[in-house]
Participant: 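Right, I'll just put the structure down here and ask away after.
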Amino acid sequence: MIDLKAVRENPEAVRASQRARGEDESVVDALLSADERRRAAISRADALRGEQKLFGKQVGRAKGEEREALLAKGKELAAEVKAAEAEQHAAEAELTELHRAIPNVVHPDAPEGGEDDYVVLKHVGEPREFDFEPLDHLDLGVKLGAIDMERGAKVSGSRFYFLTGIGAQLELALLNMAASLATENGFTLMITPTLVRPEIMAGTGFLGQHASEVYRLRDDDLYLVGTSEVPLAGYHADEILDGERRYAGWSSCYRREAGSYGKDTRGIIRVHQFNKVEMFSYVRPEDAEAEHARLLGWEEEMLGRVEVPYRVIDTAAGDLGTSAARKFDCEAWVPSQRAYRELTSTSNCTTFQARRLNIRYRDENGKPQTVATLNGTLATTRWIVAILENHQMGDGSVRVPAALRPYLGGREVLEPISR
RNA sequence: GGAGGGUUGGCCGAGCGGCUCAAGGCACCGCCUUGCUAAGGCGGAAUCGGUUCAUCCGAACGCGGGUUCGAAUCCCGCACCCUCCA
């Protein structure tokens, strides 16, 4: 949820944010008038309750006939209080509904527009020139005995796969390298639940416009997470923290990929289930932007270690998630597609998630304040695509980036299996 | 699936219809005492909302209803946690 006080003080900033996202700005005025009604209702109910409270004390002391008269008056008061409270609850419910529907206020420097309106911040590394026709990751993966899509489909359906042999080892190596980098930099490694309660899923902002992306277990009223951001955000729900926290979550991630029929149907680029190591930070709001830059820095360090060319983009407002104020993606060069594809994504959610999940810290005066939350990717299954394709050697073998070798028992080359 | 027990402030924990505007302790913040450490004394704040320049008012004892002039306390639902049984 966005900060109501900030909306009152500067409604135009929120309207501008809605415009930048390409969304309805009239909700801001609806919100303000609901807020007005709520505050009026609270004042009325408060005053009546105060009266009733004083009155109750008189009754306690009164005797005989006087008491009878007071009791009658008290009944009337009680009815009035009840009505005023009902009004208050209705006004609050109305406000909350509007309030929850509004996405986070976008950062003023985030580009306006939709998916294609991103701004490229920089390129790192040059796409390699091949003196042979490069294979795509699936052809390579099959030759290496690393990926089995057909049996994935047999067992679980489309967009499911098995990582086999060296493929499974490669993924573990990659995720372990990410976990090492995270712990070296002060993150606490976490293996998280992947099924969460509705209020946690709602709190992280995934049940808004992107609800159709989320798997739901109706029989148990639980949701399968699309990222460990969800359990890591929920980890400190309803708590008051005494300092900043950094976690690296390792989990499987589940996505329905509704509406992406026909897109990326080949290989493991877009799948229903994958693994990920995700950074998650709780910091003071004034430190959030600096933290965002740090998260991006660690993502780039990972990309440097696997030696793939990439670019960094500043995602446009319309392509931000509900919770994000700003988002940077790192996109790696995928030779078979001659295109950059997203490998990491880091979002500054400012106080949006924390306000919903009621996560606070104590400031220097001991007053509870809402924290800011941020997240960013360190490695996912999809990275295998970029690694295989960029480091292929023409005979179907793949060079292992030097930094990854210690996590693969020192292996320098992945060789095709003989049939 | 069945049977019990529980849910009170940052934490522990008392309270079971109006001396609770939630005791007491821990932790926290001041001040004082003791040469340092450890400890002790006195005081304070504490959660949410409304309002104000400081104030004041209201709410809050898992959540939602009900009984009552008045509910942490009584009644009814629900959720969650724990233990035991299958």
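Order of the sequence lines sets the chain letters (A, B, ...), proteins ahead of strands, with each chain counted from 1.
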Participant: In the strands shown, is B/U20 matched to any nucleotide by a Watson-Crick or G-U wobble pair with both distances under 3.5 Å, and which?
Facilitator: none
Participant: For the pair A/E291 and A/R246, find out whether any cationic side-chain nitrogen is under 4.0 Å from an anionic carboxylate oxygen.
Facilitator: yes
Participant: Taking the minimum atom-to-atom distance to the side chain of A/R39, which one of B/G66, B/C48, B/G50 wins?
Facilitator: B/G50
Participant: What is the distance from CD1 of A/I359 to C1' of B/U47, rounded to the nearest Å?
Facilitator: 17 Å
Participant: Are any of A/R360's side-chain N or O atoms less than 4.0 Å away from OP1 or OP2 of B/U47?
Facilitator: no
Participant: Taking atom P of B/U52 as reference, at what distance in whole Å does atom CD1 of A/I42 sit?
Facilitator: 14 Å
Participant: What interatomic distance, in whole Å, is found between C1' of B/C31 and the corresponding atom of B/C69?
Facilitator: 46 Å
Participant: Nearest whole Å is fine: how far is B/C63 C1' from A/D238 CG?
Facilitator: 13 Å
Participant: Using purine N1 to pyrimidine N3 plus N6-O4 or O6-N4 for Watson-Crick, or N1-O2 and O6-N3 for G-U wobble, each under 3.5 Å, what pairs with B/C28?
Facilitator: B/G44
Participant: Checking contacts here: which listed nucleotide (B/G66, B/G10, B/G50) is nearest the side-chain heavy atoms of A/R38?
Facilitator: B/G50
Participant: Taking the C1' atom of each, how far is B/G6 from B/G62, in whole Å?
Facilitator: 11 Å
Participant: Using OP1 and OP2 only, check whether a side-chain N or O of A/R44 sits under 4.0 Å from B/U51.
Facilitator: no
Participant: Are OP1 or OP2 of B/A45 and a side-chain N or O of A/K367 less than 4.0 angstrom apart?
Facilitator: no
Participant: Using purine N1 to pyrimidine N3 plus N6-O4 or O6-N4 for Watson-Crick, or N1-O2 and O6-N3 for G-U wobble, each under 3.5 Å, what pairs with B/U73?
Facilitator: none
Participant: Quick one, A/T381 and A/L163 - any side-chain contact, counting heavy atoms below 4.5 Å?
Facilitator: yes
Participant: So, A/T351 and A/D3: side-chain donor and acceptor under 3.5 Å apart, yes or no?
Facilitator: no
Participant: Whole angstrom is fine here: how far is it from NE2 in A/H236 over to C1' in B/G10?
Facilitator: 14 Å
Participant: Quick one: classify the glycosidic conformation of B/C19 as syn or anti, with syn meaning within 90° of 0.
Facilitator: syn
Participant: For A/A47 and A/I240, find the nucleotide of RNA chain B closest to each by heavy atoms; which residue's nucleotide sits nearer the 5' end?
Facilitator: A/I240
Participant: Could you tell me whether A/K82 and A/E85 have a side-chain N and a carboxylate O separated by less than 4.0 Å?
Facilitator: no
Participant: Record whether the side chain of A/D46 comes under 3.5 Å of the base of B/G49 through a donor-acceptor pair of N or O atoms.
Facilitator: yes
Participant: Which value, in whole Å, describes the distance between the P atoms of nucleotides B/C81 and B/C42?
Facilitator: 43 Å
Participant: Please give the distance between the C1' atoms of B/C78 and B/U68 as a whole number of Å.
Facilitator: 23 Å
Participant: What is the distance from CD of A/E85 to C1' of B/G50, rounded to the nearest Å?
Facilitator: 15 Å
Participant: Which part of the nucleic acid, if any, lies within contact of A/K82, taking any heavy atom under 4.0 Å across all strands shown: a base, the sugar-phosphate backbone alone, or nothing?
Facilitator: sugar-phosphate
Participant: How far does the C1' atom of B/G1 sit from the matching atom of B/U20, given to the nearest Å?
Facilitator: 43 Å
Participant: With a non-hydrogen cut-off below 4.0 angstrom, is A/R8 in contact with a base, only sugar-phosphate, or nothing?
Facilitator: sugar-phosphate
Participant: If the P atom of B/C21 is compared with that of B/A59, how far apart are they to the nearest Å?
Facilitator: 11 Å
Participant: Now, which nucleotide makes the Watson-Crick or G-U wobble pair with B/G4, with each of the two distances under 3.5 Å?
Facilitator: B/C82
Participant: Without decimals, in angstroms, what is the distance between A/D242 CG and B/C11 P?
Facilitator: 12 Å
Participant: Rounded to whole angstrom, note down the P distance from B/A72 over to B/C63.
Facilitator: 12 Å
Participant: Do A/Y407 and A/S180 meet the criterion of a side-chain donor-acceptor pair at a distance under 3.5 Å?
Facilitator: yes
Participant: Determine the interatomic distance between C1' on B/A27 and the same-named atom on B/G10; round to the nearest Å.
Facilitator: 8 Å
Participant: Would you tell me whether A/S345 and A/D329 have side-chain atoms, one donor and one acceptor, within less than 3.5 Å of each other?
Facilitator: yes
Participant: Can you tell me the distance, in whole Å, between the CD atom of A/E92 and the C1' atom of B/A60?
Facilitator: 13 Å
Participant: Nearest to the side chain of A/R197, heavy atoms from C-beta on, is which of B/C80, B/U47, B/G49?
Facilitator: B/C80
Participant: Using whole Å, what does the distance between atom C1' of nucleotide B/C78 and atom CD of A/E199 come to?
Facilitator: 14 Å
Participant: Per the salt bridge (Lys or Arg N to Asp or Glu O under 4.0 Å) rule, which among A/E389, A/E412, A/E307 passes with A/R399?
Facilitator: A/E307
